[in-house]
Amino acid sequence: MRAVISRVSEAAVTVDGETVGAIDAPETLGLLALVGVHREDGDSDVETMARKIAELRILPGERGAADLGAPVLVVSQFTLQGETRRGRRPSWAKAAPPEDARGLIDALVANLEGRGLDVETGRFGADMDVSSVNSGPFTVLVDTRRED
């Protein structure tokens, strides 16, 4: 599971002109998490990603979202699993099939909510417009499969 996590003062997802998920946290700030599911991801990846999103000390005072009760906007984005090492056309072979990815994204959201976080989401599989005001800017990459 791979996520691009940004510290934001606000973020929103619209589908066909309708806002389907939004957070507004000008003082405490919140997190926008664009999440791509790998074809081999499972429950342990969900747990690791939820813990990272909730506990990463990237909010004011070096605190995490769970410390501040900061809102989180989770947006499924399979393109984060794109492979670009060869050629000019990304390969999506490492991305989980939609039926698997949807279940893991739902599990991630449930895990974050279980940690007491206010979680908004995009609409799985939809053509979404995502807007955000990045604070800092501060953006990190979290990858449960990363080998360094």
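Heavy atoms only: backbone and side chains are in, while hydrogens, waters and symmetry mates are out. Just so we're clear, the structure is a prediction, and the values are computed from it rather than from any experiment. One is the number of the first residue; the rest follow in order along the sequence.
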Just to verify, what does Glu18 make a salt bridge (charged side-chain N to carboxylate O under 4.0 Å, His left out) with, not counting sequence neighbours? Arg123
Residues that Arg7 engages under salt bridge (charged side-chain N to carboxylate O under 4.0 Å, His left out), provided they are two or more places apart: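 Listed in chain order: nothing, the list is empty.
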Do Val142 and Arg2 come within less than 4.5 Å of each other through their side chains, counting heavy atoms only?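 No. Closest side-chain heavy atoms not under 4.5 Å.
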Taking [Y] as the starting point, is it possible to reach [X] by hopping between hydrophobic residues whose side chains are less than 4.5 Å apart?
| X | Y | answer |
| --- | --- | --- |
| Val140 | Val72 | yes |
| Val4 | Val75 | yes |
| Met128 | Val74 | no |
| Leu73 | Leu59 | no |
| Phe78 | Ile5 | no |

Holding to side chain to side chain donor-acceptor pair (under 3.5 Å), I want the full list of residues that pass it with Thr79, two or more places apart in sequence or in another chain. Gln77
Can you give each donor-acceptor pair under 3.5 Å made by side-chain atoms of residues 89-109, sequence neighbours left out, with the distance rounded to 0.1 Å?
unit_1, atom_1, unit_2, atom_2, d
Ser91, OG, Ala93, N, 3.3
Lys94, NZ, Glu83, OE1, 3.4

When the side chains of residues 19-38 are checked against the rest of the protein, which donor-acceptor pairs come out under 3.5 Å, sequence neighbours left out?
unit_1, atom_1, unit_2, atom_2, d
His38, ND1, Glu40, N, 2.9

For residues 44-58, tabulate all N or O donor-acceptor pairs below 3.5 Å that involve a side-chain atom, not counting sequence neighbours.
unit_1, atom_1, unit_2, atom_2, d
Asp45, OD1, Thr144, OG1, 2.7
Asp45, OD2, Gly42, N, 2.9
Glu47, OE1, Asn111, ND2, 3.0
Glu47, OE2, Arg115, NH2, 2.7
Thr48, OG1, Ser44, O, 3.0

Could you state the interatomic distance from CG (Asp43) to CG (Asp41), rounded to the nearest 0.5 Å?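 That separation rounds to 10.5 Å.
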Could you pull out every donor-acceptor pair under 3.5 Å between side chains of residues 63-71 and any protein atom, sequence neighbours left out?
unit_1, atom_1, unit_2, atom_2, d
Arg63, NE, Pro60, O, 3.3
Asp67, OD2, Gly64, N, 2.9

